[in-house]
A.B. asks: 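I am attaching a structure below and will ask some questions about it afterwards.
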Amino acid sequence: MKSIYLIAAASLAAVAFVGCDQKASTAKNERAQNAEASYVAPGEKDEYYLFYSGGHSGQVFVAGIPSMRHISTIPVFAPYPGAGYGFDVESKKLLGDYTWGDVHHPGLSQTGSEYDGRWLFVNDNANNRVARIDLRDFKTKEILGPIPNSMGNHGSSFVTENTEYILVATRFSVPLPKGRVADPNDYATQFNGMVSGIKVDPASGKMSVGWQILTPPFDWDLGSTGKGPSSGWAFWTSYNTEMAHTQLEANASQKDRDLAAVVNWRAAEKAVADGLATMMDGVPVIDPVKAPGVLYFVGIAKSPHGMDVDPTGKWIVAGGKLQPTTTVLNFEKIQNAITQKDFDGDFKGIPILKHESVVEGEVPVGLGPLHTQYDGLGNAYTSLFIDSQVAKWKMPPWSEDERKDLSKVVLDKIPVHYSIGHLVVAGSDTKKPYGKWLVAMNKLSKGRHLNVGPSQPEDSQLIDIAGAKMKMIAEAFAEPEPHFAQILKADKITPIEVYPKEENKNPNAIWEASQAGQTRNGTEVVAKMIAIRSRFVPDRLDAQVGDTLTVHVTNTEQSTDMIHGLGLVENNLNITIDPGETRTFQVKLTKPGVFPFYCTNFCSALHQEMQGYLVVQEAGAAPPPTASTTSTGGNN
Ligand code: K7E
Ligand code: CUA
C-alpha cells in the first residue's frame, strides 16, 4: 500500500516536474527566438528607420527597426543644444518667436503613393506650423507658420500622393481671421474651423499656403489622403459636431454620430483657379457652400479619432473612441452618393452623405478604437486604447456570412502595455506597405522599466505581423511623447555623412587659416573662423561692450563624424558644426570680461585643448593690437 502511494506520489511529482520544465524551456525558446528576431549585432545595421514624433518635446526621434535602438533626435520646434539647434543664426530664424512645438504626425514625402525618401514633414499642434526635414542630412530645413486662419494644427501633416500638398485641418475653431474677437457664447455662428492645402514645391520642397476651405466649428481630428480610386480626395474625422464650447468631455459627446469631412482637394484647387475664393489674411479661402463639390460630410461612429485610407484607396476606416467599432467607408459608394445626391440633409449648407449608403460595415474590434494601419495583404490593425490591445481584422470584400456577423472578420488580438495611441505598420499609408513589423506606441509604461521616479517614459512595442498571429517581440522606451510614426526602408535613402566642400556656397565659409580673422565696422565685429582638430583659428576674438559680434565658423574637416562644437562661456551659446559646414552665431556684448570658448563635441585626444578667448573691453576702450589679426602660435 505504502509503496503504491509512494510510486504514485513520485510519478505525480515527475509529471509535474516534466510539465514545468517543458513550459520553462518553451518559454526560454520563445525568448531566444524573439531576441533573435530583433537582435542587430554590434556593427550591423537595422533594416528600417522609425521616425517617431516627439510630441511636446517638439522634436522627431529616429530609431532602427527591428532593434528599436534610438539613433538620433532631429530637433525641429525646440532648441536642442546637443545639435547646437536654436543657438546659431539660421536655426534661431527657423524657430522664430517660439521655443517649443507639439509634434504629432510625421509624413514622408511620396511619389506615386510610395515613399520617395526626400523629405519628412511634421506638424506643430501648438503653434500652427509645419516643418520640413531633409532626409539627405536629417536636418530641419523649413518651418512654415503660424498658418493664417488656422488654429490648433493637429489634423496634419498628411501628404498627398505626389507630395503636391501637405493637408492640415484645425483642432480648434476661433473667430477668423485671427485677431478678431467674438464671445465664445456665439461659438456656433462666430467661430470657424479650416482645412488648408500647404503647397509643396516639387523641386525644392519649399512650402506655402495654397488655399483654405472654411468649415463649421467642429474640432477636426485625424485625416488621411486618398490614392488610386480616391486620388485627389482627403478625409478627416471630427468631434464636437454639437458645437459646444465648454465642458467638451460631456457636451461634445451628446450625439451618436459625428461628421467626418470628405474633401475633394483637386476641386478646391479648381475653385480657387475659377475665382471662387476670397482673400483672408493673404490666403484664398473657399466657402464650400459657394463652391459645391469641394466638401461633403458623412456621419460616423461616436467621437471618432483616427481616419485611415487603405493601400488600395478603396476603403477608409474611422475609429470611434466611444463606440467599440471601426466604421469602414466605401469610396465607390461615396462617389455614387455624391453623383446621385443621396444626401441626408445638410449641415450649414454642406451636404451630408447618407450613412447607410456609403458605409460598408461597422467592425466590432473592441473598446476604444483609435487608429488603423494596413499590411497590404488585406489585413487591418486597429489600436484599442481602452482595451490596451491591437486588433487584427480582415478588410472587405467580406462574404455574406461575414457581413451578417462582422465579429467573424476579427482575426486576432494582442495585449500591449498600456493604453495604446497610434500604431504604425511599415509603409501602411503607401500603396505598397512593407508589412512585417508593427510598432505600438503606448501612452503609459506603468513602471515596466527601471524606476526613474514619477516622470515615466512612453512605451513602444515591436510586434511581428508576418504570421497569422501577432507576436510581441521587443519593447523600448521614449521620452514624451510619440504619437504617430513612419517607417522607411533603410535602403530607400543614402544620407550624406559630410557636407562636400564644393557644395558649401556660404559666402562666409573659409578653408584656410590665412583667411581667418576679424574685422570691425562701427560696433559690428565680424569674424571668420575655422574649426579643425584640435583648434579654432583665430582662437582669440576682441570686442567691446556694445558691439554685436558675428562669428562664421567653418568646420573644414571632410571626415565622417568629425563634428566640432563651440560653446561660449556665460553667453548661453552652443553651436555645433558638422564636417564641411559653416554656421554663424551672433551675440550682443553687454558685459566686459574675458570669456573662454571651447569645443563642446568630443573630437580628438586634444579636444580638451580646443579652446580660445573672447576679450570684451569696456565700451570705448582702444582696440588692442591683435584685434584684427589672425591668432598666432599653435600647431599650424
Ligand atoms: Cu491619436 Cu495627436 Cu494622432 Cu496622439 S493623436 S494618439
Ligand atoms: Cu573639436 Cu572637440
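Please read these numbers as outputs of a predicted model, since none were measured by experiment. When a ligand or atom number is given, it counts from 1 through the structure's own listing order.
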A.B. asks: Tell me whether Lys443 reaches ligand 1 (any heavy atom closer than 4.0 angstrom to a ligand atom).
C.D. replies: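 True for this residue.
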A.B. asks: Testing the 3.5 Å rule here: is there a donor-acceptor pair between the side chains of Arg533 and Ser559?
C.D. replies: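 There is such a pair between these side chains.
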A.B. asks: Are a donor atom and an acceptor atom from the side chains of Glu475 and His449 found within less than 3.5 Å of each other?
C.D. replies: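 Not at all, the side chains of Glu475 and His449 share no donor-acceptor pair under 3.5 Å.
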A.B. asks: Hey, is Asp578 close enough to Lys139 for a salt bridge, meaning N to O under 4.0 Å?
C.D. replies: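 Salt bridge flag = yes for Lys139 with Asp578.
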A.B. asks: Which of the atoms of ligand 1 are close to His305, meaning less than 4.0 Å from one of its heavy atoms?
C.D. replies: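 Listed by number with element: 1 (Cu), 5 (S).
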A.B. asks: Determine which of the N, O or S atoms in His104 is closest to atom 2 (Cu) of ligand 1 and give its atom name.
C.D. replies: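 It is ND1 of His104.
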A.B. asks: Test of understanding: given a 4.0 Å heavy-atom threshold, classify the contact between His105 and ligand 1 as side chain, backbone, both, or neither.
C.D. replies: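 Side chain only.
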A.B. asks: Evaluating non-hydrogen atoms only, which member of Arg171, His422, His371 is closest to atom 3 (Cu) of ligand 1?
C.D. replies: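 Heavy atom nearest to atom 3 (Cu) of ligand 1 belongs to His422.
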A.B. asks: For a quick check under 3.5 Å, do His105 and His422 share a side-chain donor-acceptor pair by atom type?
C.D. replies: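 Yes, His422 and His105 have a side-chain donor paired with an acceptor closer than 3.5 Å.
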A.B. asks: Is a side-chain donor-acceptor pair under 3.5 Å present for Ser150 with Thr170?
C.D. replies: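 Result is no, nothing qualifies.
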A.B. asks: Using 4.0 Å as the upper bound for N to carboxylate O, is an ion pair formed by Arg129 and Asp124?
C.D. replies: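 Arg129 and Asp124: salt-bridged.
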A.B. asks: Is atom 1 (Cu) of ligand 1 less than 2.8 Å from an N/O/S atom of His483, whether that atom is in the backbone or a side chain?
C.D. replies: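 It does not: His483 brings no N, O or S atom closer than 2.8 Å to atom 1 (Cu) of ligand 1.
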A.B. asks: Would one find an N, O or S atom of His154, in either backbone or side chain, under 2.8 Å from atom 3 (Cu) of ligand 1?
C.D. replies: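 Given the 2.8 Å cut-off, His154 does not count as a ligand of atom 3 (Cu) of ligand 1.
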A.B. asks: What part of Leu222, side chain, backbone, both or neither, has a heavy atom within less than 4.0 angstrom of ligand 1?
C.D. replies: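 It is the side chain that gets close, since no backbone atom is under 4.0 Å.
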